[in-house]
Amino acid sequence: MTDDVLTTDQATQLGRLVDVYPEARELGERFAAAGHELYLVGGTVRDTLLAGGDAASLEQLDLDFATSAAPEEVERLLRPWADAIWLTGAAFGTVSCRSRGSEGPGRIVEITTFRADEYTPGSRHPDVTYGTSIEEDLARRDLTVNAMAVQVPAFRFVDPFGGLKDLHTRALRTPIDPQLSFGDDPLRMLRLARFAAVLDAAPAEAAEAAALAMSDQLATVSAERIRDELVKLIEARAPRRGIELLLRTGLADHVLPEFAELRHCHDPMHRHKDVEAHTLAVLDNAIALEEDGPDLVLRLAAVMHDVGKPATREIHGDGTVTFHHHDVVGARMTRARLRELRFDKRTIKDVSELVRMHLRFHTYKQGWTDAAVRRYVRDAGHLYGRLNALTRADVTTGNARKAARIQRRVDELERRAAQLREQEEMEAVRPAVDGNAIMRHLGIAPGPAVGEAWQHLLELRLERGPMSEEQALAALDEWAASRPELDGEAAGDGPDGGAPEEDGPDGVAPEEDGPDGDAEDVDRRHGGPGGPASRGDPER
């Protein structure tokens, strides 16, 4: 395919590459002078065509090149030009470098020798074979939209597999037979789903059929590579589309098997509440609430928040369905899955905590004291904003009045929390005295009683608000008067580590009607401030 398939605007846009990427012309001239071909390839070309002339959106892109030069020659040509060079990928034909920036750090550049890789079945690494032409190199790429190139410095457009047309029609095809392509590298099946999400595009029938037939081969791919593709899918502009493709092809069974199980979880009392469909709606709602771009933690929590339902589903004699403790079970399942995918510890902790706490808000309708609000904010910690966003996103009922009622309650909670924060700096709620002061004042040795005394003062702090040291010691005296056996306690939990975490606003994880209309038991134990036992109203 030649330049004349480009529209005038597209040709102009590609011509502007020299303005957006001056490094491309500089390197093109350097390689041409040495008798080698050099091409901008892959995402650089795709994103330039999608940018529609918005140069600012391309300024932070790294540059990917393909060349006829061998890695040793690439390194030689880059040495006088680059600020730094990395050879970690040289065994696979890739030399990376950073250009010399006139102001601040330069741009990251990767240059790979034409490739014609072949994968041994069952292997996670390709047998690297260098190719002889750009067409051969493009044929080994995952999708036609990523198999376009621009030769530099001439800026000649090369598109042998119709990637430009597919980009316009939002179609995802492989340059060669999809079974051969996916057989070479099974990760390309996951990339098919990722680009469905990134480009909001539809896979070709042949590509989807091949992924369905070959999904089991994804088991040969490392967890780290799968994780990286999943992150890009979840952070994309249309993650729902990618996830739906994972589900249709069976790839989800190897990526997020807990989520895949949701398709089998239905509530006969709320037929519109297919848990899989509900979860995808929650993801859409969460995305709509974002203010500063994709929030991976919030989106993952939306995807995983109900994965505990299949394991906890019970159908009772009267036909009602409950999912008791699916929040706790789901948090445990979430931790296990994210660890399996080699996510970092902070992401694992944050996502699983959001899953564990996602029902906490829903006893608020029974009336929370200021102490309950303080506990909620304290327990949520830095996840407070995300937890409220997940709570809002979890409202998927078709009843507009019920949905509005829940959203008003969240608004009210946030107002109350803001007022209390202004008064008390709630995130740092602690008693006015520490364990050492408790031992000095009561004349007791380290032991369980110190932790109990500290916990007692913490509860008073939550109930009454800020207390001075004098007030705290007076309260400590009242407490100690009822504990004549304090002397001689054995060592135990300390005041800075022994305060137990409450699971709910009043110390217990609430199990009640969820935002998706699931009637779950609520009793005094779960109802926070004295709510009556009930089945809960299915208002979410």
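Side chains included, hydrogens not; waters and symmetry mates left out as well; all remaining heavy atoms used.
- For the pair Phe259/Leu246, no side-chain contact is recorded, criterion being any heavy-atom separation below 4.5 Å from C-beta on.
- How far CG of Leu383 is from CG of Asp350: 4.5 Å, rounded to the nearest 0.5 Å.
- When all heavy atoms are compared, the tightest approach of Ala197 to Leu233 is CB-O, 3.9 Å.
- The shortest heavy-atom contact between Thr44 and Asp64 is OG1-N, 3.4 Å.
- Taking every heavy atom of both residues into account, Leu251 and Met189 meet most closely at CD1-O, 3.6 Å.
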Arg483/Glu452 under side chain to side chain contact (heavy atoms under 4.5 Å, CB included): CA gap, chis, key distance, verdict: CA-CA 11 Å; Arg483 296 288 306 273; Glu452 292 171 15; 2.7 Å; yes

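- With no hydrogens or angles considered, a side-chain donor-acceptor pair links Tyr364 and Arg416 at under 3.5 Å.
- Under a 4.0 Å N-O distance rule, the pair Glu353/Arg386 does not qualify as a salt bridge.
- Side-chain contact check for Asn388 and Thr391: no donor-acceptor pair (N or O, by modelled atom type) lies under 3.5 Å.
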Trace of the side chain to side chain contact (heavy atoms under 4.5 Å, CB included) decision for Val377 with Leu420: CA-CA 10 Å; Val377 176; Leu420 290 170; over 6 Å; no

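- With Thr322 contributing its side chain and His324 its backbone, the two residues share no donor-acceptor pair below 3.5 Å.
- Remark: the Arg46 side chain and the Asn146 side chain contain an N/O donor-acceptor pair separated by less than 3.5 Å.
- A donor-acceptor pair is defined here as one N or O able to donate and one able to accept, closer than 3.5 Å; no such pair exists between the side chain of Thr347 and the backbone of Phe343.
- With salt bridges taken as basic N to acidic carboxylate O contacts below 4.0 Å, none links Glu261 and Lys309.
- Put simply, the side chain of Arg299 gets close to the backbone of Ile234: a donor and an acceptor are under 3.5 Å apart.
- Summarising the geometry, atom NE2 belonging to His382 is positioned 4.0 Å from atom CZ belonging to Arg346; distances are rounded to the nearest 0.5 Å.
- Residue Glu469 places its CD atom among 12 or fewer non-hydrogen atoms of other residues, nucleotides or ligands, all under 6.0 Å distant.
- A distance of 6.0 Å separates CG in Asp394 from CG in Asp306, rounded to the nearest 0.5 Å.
- In this structure, the separation between CG on Leu298 and CD1 on Ile287 is 9.0 Å, given to the nearest 0.5 Å.
- The CZ atom of Arg98 lies 11.0 Å from the CD1 atom of Ile85; values are rounded to the nearest 0.5 Å.
- Side-chain contact between Arg461 and Arg374 is present, with heavy atoms from C-beta onward closer than 4.5 Å.
- Between the Arg356 side chain and the Val328 main chain, no donor and acceptor come within less than 3.5 Å of each other.
- Proximity of Gln471 to Leu460: side-chain heavy atoms (C-beta onward) are nowhere separated by under 4.5 Å.
- When all heavy atoms of Ile243 and Leu283 are compared, the pair lying nearest together is CD1-CD2, 3.7 Å.
- At a cut-off of 3.5 Å, with distance as the only test, a side-chain donor of Asp318 or Thr320 sits close to an acceptor on the other residue.
- Using cut-offs of 30° and 60° for the angle between ring planes, the His305 and His358 rings count as perpendicular.
- For the pair Ser352/Leu338, no side-chain contact is recorded, criterion being any heavy-atom separation below 4.5 Å from C-beta on.
- Remark: Arg421 qualifies as a cation-pi partner of Tyr384 under the 6.0 Å distance and 45° angle criteria applied to the six-membered ring.
- Ionic pairing of Asp411 and Arg392 is present here: one or more N-O contacts between side-chain nitrogen and carboxylate oxygen are shorter than 4.0 angstrom.
- Although no hydrogens or angles enter the test, the distance criterion places no donor-acceptor pair under 3.5 Å between the side chain of Thr396 and the main chain of His278.
- Between Lys232 and Asp228, none of the side-chain N atoms (NZ, or NE/NH1/NH2) sits under 4.0 Å from a carboxylate O, so this pair counts as no salt bridge.
- Residues Thr397 and Val395 meet the side-chain proximity criterion, which asks for heavy atoms closer than 4.5 Å.
- Here Arg191 contributes atom CZ and Leu187 contributes atom CG; the two are 6.5 Å apart, rounded to the nearest 0.5 Å.
- Taking each heavy atom of Glu463 and Arg375 in turn, the nearest pair found is OE2-NH2, 3.7 Å.
- The residues Arg170 and Asp200 are annotated as not salt-bridged, no charged nitrogen and carboxylate oxygen being separated by less than 4.0 angstrom.
- In this structure, Phe195 and Leu190 have side chains that are not in contact, with every pair of non-hydrogen atoms separated by 4.5 Å or more.
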Working for side chain to side chain contact (heavy atoms under 4.5 Å, CB included), residues Leu390 and Val282: CA-CA 8 Å; Leu390 181 59; Val282 173; 4.3 Å; yes

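- Between the side chains of His441 and Asp477, at least one donor N or O lies within less than 3.5 Å of an accepting N or O.
- Side-chain contact between Leu262 and Thr279 is present, with at least one heavy-atom pair separated by less than 4.5 Å.
- Residues Val351 and Leu296 fail the side-chain proximity criterion, which asks for heavy atoms closer than 4.5 Å.
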Candidate pair Val433 and Trp454, rule side chain to side chain contact (heavy atoms under 4.5 Å, CB included), full reasoning: CA-CA 8 Å; Val433 295; Trp454 189 88; over 6 Å; no

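- In this structure, Asp327 does not pair ionically with Arg360, as no charged nitrogen and carboxylate oxygen lie closer than 4.0 Å.
- In this structure, Glu340 and Ala223 approach most closely via the heavy-atom pair O-CB, 3.4 Å.
- No donor-acceptor contact under 3.5 angstrom links the side chains of Thr312 and His325, judged on distance only.
- Distance alone, capped at 3.5 Å, places no donor-acceptor pair between the Arg107 side chain and the Leu63 backbone.
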